[in-house]
Amino acid sequence: MLVNNAGIVYDMEIAERPLKIFEETMHNNVTGTYLMCKYFGKFMFLQDKTTRIINVSSTNGIDCNFPTSIDYDASKAAINSLTHNFALEYAPKVLVNAVAPGWMNTEMNKDLPNDLVQEEIAKIYVNRFAEPEEVASLIYYLGSDENTFVNNEIIKIDGGY
């Protein structure tokens with residue numbers, strides 16, 4: 001199993017965002033995932049058993065966009081595209097999926113303004129941010145031998161946002 005879990009974000013207004021920051025975000029979040037899928041996936045395809053790649057995307061790459069994180073959003077949409085393309089490239093031997101977490105209690109979100117946190121929690125049906133262990137459980141299932149048929153999916157895990 002290969003899990004690609006990379007993500008950096010720099011929140012700032014689009015007009016103030018230097019190209020260097022945009023490029024750094026795309027390089028960190030997309031290029032690494034691409035290279036890992038390309039090189040490890042080729043090796044995984046040669047195995048005598050079904051193997052699995054799980055990419056960590058975000059709901060920001062699907063339908064939750066924030067202009068202050070435009071590069072992060074674009075990078076996670078790119079991860080979704082990579083997932084679909086590598087699922088096709090390595091079928092049927094490698095199951096390639098992505099998980100798309102919503103708001104989570106992580107280091108990335110620890111300094112968010114309390115009013116933003118409360119505003120976003122009010123939009124989540126379960127009224128809280130996810131814990132990393134909850135997302136890890138889904139990743140574990142997708143990477144396990146129990147998963148024999150889930151392929152080419154972007155699975156939101158957002159508490160019903």
Cluster question for you: counting only ILVMFWY and a side-chain heavy-atom cut-off of under 4.5 Å, with indirect links fine, are [X] and [Y] together?
X   : Y    : answer
L82 : F40  : yes
M26 : I70  : no
I14 : Y10  : no
V96 : I139 : no
V30 : F22  : yes

### Residue pairs fulfilling salt bridge (charged side-chain N to carboxylate O under 4.0 Å, His left out) with at least one residue in residues 2-30, sequence neighbours excluded
R17-D71

### Message
Is it the case that over 12 heavy atoms from other parts of the model lie below 6.0 angstrom from the CD atom of E107?
### Response
no

### Message
Can you tell me if F66 has over 12 outside heavy atoms packed within less than 6.0 Å of its CZ?
### Response
yes

### Task
Under 4.5 Å between side-chain heavy atoms, chaining through other members, with only Ile, Leu, Val, Met, Phe, Trp and Tyr counted: pull out the rest of the cluster around V9, sorted by chain and number.
Y72, M108

## Note on the structure
Besides I62, the hydrophobic cluster formed by Ile, Leu, Val, Met, Phe, Trp and Tyr side chains linked at under 4.5 Å, directly or via other members, contains I154

For the atom pair [atom1] ([X]) and [atom2] ([Y]), what is the distance rounded to the nearest 0.5 Å?
X    : Y    : atom1 : atom2 : value
L142 : M1   : CG    : CE    : 9.5 Å
M36  : T31  : CE    : OG1   : 13.0 Å
N28  : I8   : CG    : CD1   : 4.0 Å
E120 : R128 : CD    : CZ    : 16.0 Å
Q118 : N127 : CD    : CG    : 10.0 Å
I79  : N4   : CD1   : CG    : 7.0 Å

Is there side-chain contact between [X] and [Y], with heavy atoms separated by less than 4.5 Å?
X   : Y   : answer
F86 : I53 : no
L2  : T51 : no
L95 : T50 : yes

### Task
For the residue pair W103 and F129, categorise the inter-ring angle as parallel (less than 30°), tilted (30 to 60°) or perpendicular (more than 60°).
parallel

What is the minimum heavy-atom distance between [X] and [Y], and which atoms define it?
X    : Y    : answer
G102 : T59  : CA-OG1, 3.5 Å
G159 : I124 : O-CG2, 3.7 Å
Y125 : Y161 : CE1-C, 4.5 Å

Sub-3.5 Å donor-acceptor pair from the side chain of [X] to the main-chain atoms of [Y], do we have one?
X    : Y    : result
K76  : V56  : yes
E134 : E131 : yes
N109 : M104 : yes

#### Entry: side chain to side chain donor-acceptor pair (under 3.5 Å) contacts touching residues 140-156 (sequence neighbours left out)
D63-K156, H84-N152

### Query
What pairs of residues pass the side chain to side chain donor-acceptor pair (under 3.5 Å) test when at least one of them lies in residues 89-99, not counting sequence neighbours?
none

Decide whether [X] and [Y] meet the rule of one side-chain donor and one side-chain acceptor closer than 3.5 Å.
X   : Y   : answer
N29 : S75 : yes
N80 : S57 : yes
N55 : T33 : no

### Partner residues of S69 under the side chain to side chain donor-acceptor pair (under 3.5 Å) criterion, sequence neighbours left out
D73

